[in-house]
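Worksheet for the structure shown next.
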Amino acid sequence: MKLSKHYFILYSTMGPTDAQVYISQIADLLSCSERHAKSVIKQMQVQEWICWKPSSGRGKASTLTFLLKPQEVEQQCVQTWIEEGDIKRTLRWMEQQAELEPSFVKLVEDQFQWIRDDGLDILRYPLYRQIYTLLPFNMTTKHEWHLANHIFNRLIRYNSEKHEFVPELAHHWEQLDNGRIWRVYLRKGILFHDGSPLTSQTVKENVNFWKVMQFDRWRTKMIEDITHIEENSSTVITFHLLQPNKLFMHLFTDYQSMIIPIHIYKKDPETFKMRPIGSGPYQITDYIKGYLVLEAYSNYFGYRPLLDKVELFNIPNSSYSSSRQIHYKLLDQETKLTKKYNSVFPELGGIYVVVNHKKAGIHRHTNFRRMLSYAIDRAKLFNNHPKHEVWFPDSLFDEHAGILRQESNFDEAKKWFLEQGLTGQTLKLTATNYEQNPYFSFELEQLTEVFSELGIKLQSEMIDIHQLAESDQLHKTDLIVTEICLSEDRLFSMLNTLTDNTSFILNTLPPEAKGYIHSLLDVVSQSPDTKTAYKSLRKIETFLLDNHYLIFLYQRQTHALIEADEKLQGIELNSYNLLNFDKLWYKP
């Protein structure tokens, strides 16, 4: 960046207008010889930073015109670093800037690079979300889950579309004593990224570690029901339960159940957070703040990834929109023909409002919930059809299961609020967010407009989701807007959501409704199989929506656009509508 520093010195002294200058003056400013000063001027001309018009006669000044602002020159240099793969240097520069211009952020966002170097295939691109942790049990975003799926493994997965368990670390499992005992058979020869073996002892250490973690109630209850764990051999492990549980294997399907080397984690939890060790197809080989490198793990027990290396980086000091499109540009310098993939993926779950019955007030008035639902024109406010599909696909098992509706009828709602004398009142609406992800500003804006038309003043704020779950905070708000985000195992994920304090469903209900939900959850937990559990869970959804204890707003959609070299093969989006790395390969 020495040439750019020379430019900054000249610009700060002679710019930004045209300057009449002698070459000797430039040499003095740059503390160099006149010969070197002429070389510097020539280099700047080549870069198209300046226009230099030499004098026509001896002893006359030449004209120096500055074509770019210093920041524009800096950005050109940074772009060169990115193209040369010097990401760390780029990040250091960006972190030092108080603010980045939108045009420059767009330029960096477009720096997707597909590199083939000495037989290695490397993909480099900017992340759309900051990664705060890669600890499976602390992750909060789908971008973290996406990376975790490449770094770690579960014992098994659950395919909600085919309604079946899929082997991963475990290749077989069986129930004994009518589901009170479960025996799991692990694959042989599984190694963590540090070369240490993954055995039944490792799995036992993970489950025992889960017992001291603060999980949601449903998951915690399943863990607490384990009376003891038996290591039959290095690859066979048996779980003894307090009572029969035909849904027990769902405990191992969640991203929070990814298996890690507990002894390594305990030695240095802070380092493990961003440089974890797993058994998945990729291992982390480099990490600094905002920069992460994943490389194919040669000893992976499954198929070795075809893509050798992935370099990911965040853009410091730039804002992130929750509704932005994810755009992958998988091209290289030799790309001649391209192909495009355009995907619109409705996220499993949805955004909703709950009325908080833990706080006294007008919001607990008879019919308030139903009339509030009437007041919300979902098609108008959220550009979404007012109908919505159920969150779990039990309609595949029940031909009479249609789609649930919550109607909109603003005129009736406004009339009711007026008749009840509720106009002129003030209500407080709280939107939840994780500290790093303030998602709900748009929803707050739309709901404020709705209440204004009803004649009600709305006080709104965003608060950390865990802080709001605390009893003293929960008693301060009338309404809460938040979301359900389901993972691949929809059954287990929905059960977690219903019983988790931070979902604000169970803990905002009136006592009689809460008791009824608990009775239905007991029915779910005693189900003889997953399909039956889905049907029982449907009753809970019906109760919550029909009684407007949960006022559904809309489903978010993820838009993914992939622009790829025609020779690039194995392009596949996962359940998060994000790009899988391991199957990508280049066909020469």
Side-chain angles (χ1 to χ4, degrees), residues 43 45-49 67-68 72-91 94 100-129 143 146-147 150 281-282 285-286 291-296 298 303-315 318 324-345 558-574 576-588:
Q43 291 177 59
Q45 283 180 289
V46 171
Q47 296 290 335
E48 297 183 350
W49 294 353
L67 302 179
L68 298 178
E72 293 173 319
V73 171
E74 274 192 306
Q75 292 176 358
Q76 276 192 10
C77 295
V78 174
Q79 183 178 3
T80 301
W81 297 343
I82 294 174
E83 291 170 353
E84 293 174 350
D86 197 345
I87 302 300
K88 292 182 180 179
R89 189 178 183 185
T90 303
L91 294 176
M94 287 193 286
L100 296 173
E101 292 184 2
S103 59
F104 177 71
V105 172
K106 179 66 169 61
L107 181 148
V108 178
E109 286 177 348
D110 289 340
Q111 295 302 315
F112 277 76
Q113 293 176 295
W114 180 272
I115 303 161
R116 297 192 309 284
D117 182 21
D118 195 23
L120 297 179
D121 288 327
I122 303 168
L123 177 62
R124 179 187 299 134
Y125 70 91
L127 283 167
Y128 286 90
R129 292 288 181 271
H143 291 78
H146 169 59
L147 291 178
H150 290 86
Y282 285 92
T285 58
D286 194 8
Y291 176 64
L292 193 67
V293 178
L294 286 75
E295 293 189 24
S298 296
Y303 289 113
R304 183 196 183 281
L306 299 172
L307 177 63
D308 299 291
K309 188 176 181 180
V310 186
E311 295 182 38
L312 307 170
F313 59 95
N314 279 121
I315 302 174
S318 66
R324 75 183 308 153
Q325 182 185 66
I326 299 175
H327 188 183
Y328 297 99
K329 290 185 178 181
L330 310 181
L331 312 172
D332 69 7
Q333 294 179 346
E334 300 176 4
T335 296
K336 296 179 180 178
L337 298 175
T338 63
K339 52 185 177 181
K340 290 187 177 181
Y341 304 80
N342 202 343
S343 172
V344 180
F345 182 79
T558 301
H559 300 257
L561 174 63
I562 301 177
E563 184 180 355
D565 190 303
E566 188 182 51
K567 296 179 180 179
L568 195 64
Q569 309 293 310
I571 294 174
E572 178 183 273
L573 295 173
N574 57 27
Y576 306 118
N577 219 25
L578 297 172
L579 184 69
N580 279 337
F581 302 141
D582 52 323
K583 296 179 182 178
L584 289 172
W585 66 285
Y586 194 87
K587 184 178 180 181

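We're numbering straight along the sequence, starting at 1. Values below: every heavy atom of this structure, side chains too, minus hydrogens, waters and symmetry copies. The model shown is predicted, which means the values in this text are computed figures rather than measured ones.
With hydrogens and angles ignored, the 3.5 Å screen pairs no side-chain donor or acceptor of Asp117 with any backbone N or O of Leu120. Looking at Asp308, its side chain does come within 3.5 Å of a backbone N or O of Asp121 through a donor-acceptor pair. Judged by distance alone, the side chain of Lys339 and the main-chain N or O of Leu568 form a donor-acceptor pair under 3.5 Å. Put simply, the side chain of His146 gets close to the backbone of Leu579: a donor and an acceptor are under 3.5 Å apart.
Summarising the geometry, atom CD1 belonging to Ile115 is positioned 5.0 Å from atom CD belonging to Gln113; distances are rounded to the nearest 0.5 Å. Rounded to the nearest 0.5 Å, atoms CG (Leu292) and CG (Leu312) are 5.5 Å apart. Distance check, rounded to the nearest 0.5 Å: CG of Leu330 to NZ of Lys567 gives 15.5 Å. Rounding to the nearest 0.5 Å gives a distance of 11.0 Å between CD of Gln45 and CD of Gln43. The NE2 atom of His327 lies 9.0 Å from the CD1 atom of Ile562; values are rounded to the nearest 0.5 Å. Between the CG atom of Leu307 and the NE2 atom of His150 there is a distance of 9.0 Å, given to the nearest 0.5 Å.
The shortest non-hydrogen separation linking Leu67 to Glu48 is CD1-O, 3.7 Å.
A heavy-atom distance below 4.5 Å is not found between the side chains of Tyr303 and Asp582. Proximity of Pro305 to Phe581: side-chain heavy atoms (C-beta onward) are nowhere separated by under 4.5 Å. Side-chain contact between Leu584 and Ile571 is present, with at least one heavy-atom pair separated by less than 4.5 Å. Counting heavy atoms from C-beta outward, Leu306 and Gln569 have side chains that stay 4.5 Å or more apart. The shortest distance between side-chain heavy atoms of Tyr291 and Glu311 falls below 4.5 Å. Side chains of Tyr586 and Asp332 form a contact here, defined as non-hydrogen atoms less than 4.5 Å apart. Between Asn342 and Lys340, the closest side-chain pair of non-hydrogen atoms is not below 4.5 Å.
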TODO: Begin from the C-alpha positions of Asp565 and Trp114 and carry the test side chain to side chain contact (heavy atoms under 4.5 Å, CB included) through to its verdict.
DONE: CA-CA 9 Å; Asp565 190 303; Trp114 180 272; over 6 Å; no
Open item on the list: Applying side chain to side chain contact (heavy atoms under 4.5 Å, CB included) to Gln76 and Leu68, what does each step give before you reach the verdict?
Closed with: CA-CA 10 Å; Gln76 276 192 10; Leu68 298 178; 3.5 Å; yes
TODO: Please step through side chain to side chain contact (heavy atoms under 4.5 Å, CB included) for the pair Arg124 and Phe313, ending with a clear verdict.
DONE: CA-CA 8 Å; Arg124 179 187 299 134; Phe313 59 95; 4.0 Å; yes
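Contact check on Glu334 versus Arg116 returns a salt bridge, with a Lys/Arg side-chain nitrogen under 4.0 Å from an Asp/Glu carboxylate oxygen.
Using a 30° and 60° split on the angle between ring planes, Tyr125 and Tyr328 fall in the perpendicular class, above 60°.
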